[in-house]
Number of protein chains: 2
Amino acid sequence: MVERKPDDQMLTAILKAVSDPRRRELLTLLVQHGPTRVTDLARHFDVSLNAVSKHIKVLEAAGLVRRRTEWREHLIEPDMGPVREIDRWFQDLRSIWTQRLDALDKILETEPDDE
Amino acid sequence: MVERKPDDQMLTAILKAVSDPRRRELLTLLVQHGPTRVTDLARHFDVSLNAVSKHIKVLEAAGLVRRRTEWREHLIEPDMGPVREIDRWFQDLRSIWTQRLDALDKILETEPDDE
DNA sequence: CTTTCGTTCAACCATTTAGTTGAATTACTC
DNA sequence: GAGTAATTCAACTAAATGGTTGAACGAAAG
């Protein structure tokens with residue numbers, strides 16, 4: 001459910017997930033401390049446990065964290081994989097951009113005077 | 001610890017801006033065709049001109065496009081600059097991540113017995 | 001058997017967001 | 001002067017989002 005559908009939808013999910021500061025902070029905590037229980041993650045914030053639980057679900061749906069359930073304890077761990085999707089998109093964008101500029105340069109080269 | 005105050009807000013604005021598929025498409029059009037009028041951009045979508053105008057404002061607030069107003073015609077052009085902020089954040093995150101894994105490796109090295 | 005623990009689920013509420021339609025603006029053209 | 005063009009602004013609606021509180025669940029501990 002993580003990749004395999006390199007669709008725009010997945011990219012949207014990933015970007016939406018990290019566009020929330022709380023979720024970015026959550027991700028930071030996770031890469032700092034490794035697999036962590038939901039309750040322990042929630043301790044770092046002044047919002048309810050439920051709010052944190054929901055944020056984790058969003059990150060999970062975006063494939064940015066995985067969950068290892070050991071009965072009532074759910075260990076959450078980060079997965080940086082999906083970030084590649086973001087990188088790829090921006091790289092594509094930049095490539096189109098520079099390509100266009102190069103083409104423009106060539107035109108200006110052959111046609112020195114213009115209005 | 002996480003250094004959240006200064007440009008976290010900017011990062012949020014940028015990520016929120018590109019998390020919308022319509023706005024990503026808008027950006028793609030812009031890097032493909034260069035400076036374009038609002039009306040011409042709107043032609044590519046099946047939503048109202050006003051909707052597109054609002055999307056552009058969001059992109060503008062995030063610094064992802066600039067606007068050159070030549071009387072009633074507003075020329076919109078992309079600015080890839082802010083994308084660096086995104087890159088930087090993810091790079092930071094990954095750096096923390098690999099650093100932690102390295103530290104973990106060292107521990108496992110000296111302590112062959114696992115718990 | 002009752003309590004505790006870690007977590008999700010369900011039902012709400014407030015705010016934000018993406019969309020709409022209908023002005024208002026203001027130079028140029030008829 | 002009236003009409004047109006390109007855009008924003010204002011007001012509104014519907015849906016999504018982030019937050020809350022109050023269950024419920026089911027193993028473990030007392």
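Residue numbers start from 1 in every chain, and the chains themselves are labelled A, B, ... in the order their sequence lines are given, proteins ahead of strands.
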Could you state the interatomic distance from OG1 (Thr28(A)) to CG (Asp92(B)), rounded to the nearest 0.5 Å? 9.0 Å
Enter the distance from Glu60(B):CD to Arg66(B):CZ here, rounded to the nearest 0.5 Å.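 That separation rounds to 10.5 Å.
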Does His55(A) make a side-chain N or O approach to OP1 or OP2 of dT17(D) shorter than 4.0 Å? no
For atom [atom1] of [X] and atom [atom2] of [N], their distance in whole Å:
X: Asp46(B); N: dA18(C); atom1: CG; atom2: C1'; answer: 13 Å
X: Arg24(B); N: dA18(C); atom1: CZ; atom2: C1'; answer: 15 Å
X: Asp20(B); N: dT16(C); atom1: CG; atom2: C1'; answer: 13 Å
X: Arg22(B); N: dA15(D); atom1: CZ; atom2: P; answer: 16 Å
X: Arg68(B); N: dA6(D); atom1: CZ; atom2: P; answer: 17 Å

Tabulate below the donor-acceptor pairs under 3.5 Å that side-chain atoms of residues 29-36 of chain B make, not counting sequence neighbours, or state none.
residue, atom, partner, partner atom, Å
His33(B), ND1, Leu29(B), O, 3.4
Thr36(B), OG1, Gly34(B), O, 2.5

Base-contact (B) and sugar-phosphate-only (S) positions in nucleotides 7-12 of chain D, heavy-atom cut-off under 4.0 Å, - elsewhere: BBBBB-
Decide, yes or no, whether a salt bridge links Arg22(A) with Glu25(A) under the criterion of side-chain N to carboxylate O below 4.0 Å. no
In this structure, would Val58(A) and Leu49(A) fall into the same cluster of hydrophobic residues linked by side-chain contacts under 4.5 Å? no
For residues Ser19(B) and Arg24(B), is any side-chain donor paired with an opposing acceptor at under 3.5 Å? no
